[in-house]
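To keep things clear, I will list the structure first and then write my remarks on it.
In what follows, every chain begins at residue 1, and chains take the letters A, B, ... in the order their sequences are listed. Keep in mind that the numbers below use all heavy atoms, side chains included, and drop hydrogens, waters and symmetry copies. Just so we're clear, the structure is a prediction, and the values are computed from it rather than from any experiment.
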There are 2 protein chains.
Amino acid sequence: MAGKKKQKAPLSREALELVAQRFKALADPTRLALLQALFEGERTVQELCEATGTNQANASKHLALLTDQGLLARRKDGLFVRYRIDDPTVHALCELVCGSLARRFEAVRAHLVPED
Amino acid sequence: MAGKKKQKAPLSREALELVAQRFKALADPTRLALLQALFEGERTVQELCEATGTNQANASKHLALLTDQGLLARRKDGLFVRYRIDDPTVHALCELVCGSLARRFEAVRAHLVPED
DNA sequence: TGACTATATTCGCATGCGGTGATATAGTCA
DNA sequence: TGACTATATCACCGCATGCGAATATAGTCA
């Protein structure tokens, strides 16, 4: 995106919509739970359902969205379909957000908890 | 988030919801346009409206959401309110996504455009 | 103090999205 | 080939969200 350091052309509305879609893919707790399980390694749908407490239909839908967005890849393995993380930025994005939230809530906690 | 390198406890549903909310704040093209303008520096609401083609009411609402999420900070300046980026991870997040999308579409372009 | 400007908030509407139950599709095996 | 298992897809529903118009609130100035 434009700004901050190098002078780049601002992103068009179309490009911003693509960026927004990418963030939207991550903007759901169920999908984040699936991703969290997948950070551990490739998993079948069933394994993901067990790991996240999601039902099969719902998991399939979310997995399809993440795959369409290019974040996951899938492969058939007999009866099974195995999903894996396909875009390394996913983990980095989550880490950035977690770090930011941790700092934010640490600042709030420090404000509320009296210093001994 | 859990996985990938160090073994951390998986995030609770509550934590995942907070992470999702943060991504959701970024999952809208109008809000991304506002952020893009703010990457250039502090701006009033009117300046942001002009930069992004958003009407005042809509901009105010989006700015409030971004501020509530801790991404922006604001200060009164007479009649004016000036907004600025308050969380440095915002720019990093956008850059990560832009990089990922650029690679993705470069790969598609390379696939479709014949090599001379 | 009233007129004006800047901004925040409210309200109504339309669209989008996540979850669930049901069904379709695909692969394996006896 | 039918039974079974794994997964994708469909249809429906209720809730969430973005937009624009209208209104409320805040600050400045003559």
A:R104 and B:D86: CA distance, side-chain angles, deciding distance, salt bridge (Lys or Arg N to Asp or Glu O under 4.0 Å) verdict | CA-CA 11 Å; A:R104 187 168 178 229; B:D86 200 34; over 6 Å; no
Residue pair B:T52, A:R13: steps toward the side-chain hydrogen bond (donor to acceptor under 3.5 Å, both in side chains) verdict = CA-CA 9 Å; B:T52 61; A:R13 183 69 185 196; over 6 Å; no
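Along DNA chain C, the nucleotide nearest A:A59 and the nucleotide nearest A:G78 are compared for position; the residue whose nucleotide lies closer to the 5' end is A:A59. Nearer to the 5' terminus of DNA chain C, by closest-nucleotide assignment, is the contact made by B:R74 (compared with the other of B:R74 and A:A27). Taking for each of A:K24 and A:F80 the nucleotide of DNA chain D with the nearest heavy atom, the 5'-most of the two is the partner of A:F80.
Put simply, CD on A:Q21 and CG on B:L101 are 9.0 Å apart, with the number rounded to the nearest 0.5 Å. Distance check, rounded to the nearest 0.5 Å: NZ of B:K24 to CG of B:L26 gives 12.0 Å. To the nearest 0.5 Å, atom NE2 of residue A:H62 and atom OG1 of residue A:T67 are 12.5 Å apart.
The two residues A:C94 and A:L32 make their nearest non-hydrogen contact at SG-CD2, 4.2 Å. When every heavy atom of A:A92 is checked against every heavy atom of B:L96, the shortest pair comes out as CB-CD1, 3.8 Å.
As judged by a 4.0 angstrom heavy-atom cut-off over every strand, A:R82 is placed among residues making no nucleic acid contact. Contact annotation for A:T54: no contact, since no heavy-atom pair falls under 4.0 Å across all strands. Using a 4.0 Å heavy-atom cutoff across all strands shown, B:Q46 reaches sugar-phosphate atoms only and no base atom.
We find that A:R109 and A:E106 are joined by a salt bridge, their nearest charged nitrogen and carboxylate oxygen being less than 4.0 Å apart.
On the nucleic acid side, DNA chain C has its first and last nucleotide under 4.0 Å of a heavy atom of chain A at C:dC17 to C:dT28, going 5' to 3'.
Rounded to whole Å, atom C1' of D:dG20 lies 8 Å from atom NZ of B:K61. Atom CG in B:N58 sits roughly 6 Å away from atom P in D:dG20 (whole-Å rounding). In this entry the distance linking CG of A:L48 with P of D:dA8 reads 10 Å, nearest Å.
For the salt bridge (charged side-chain N to carboxylate O under 4.0 Å, His left out) test, no residue two or more places apart in sequence or in another chain qualifies with B:E50.
Between B:T30 and D:dC19 there is a side-chain polar atom (N or O) within less than 4.0 angstrom of OP1 or OP2.
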Can you give the dot-bracket line for DNA chain C, where a pair is Watson-Crick or G-U wobble with both atom distances under 3.5 Å, crossing pairs use [ ], and | marks a partner on another strand?
-> ||||||||||||||||||||||||||||||
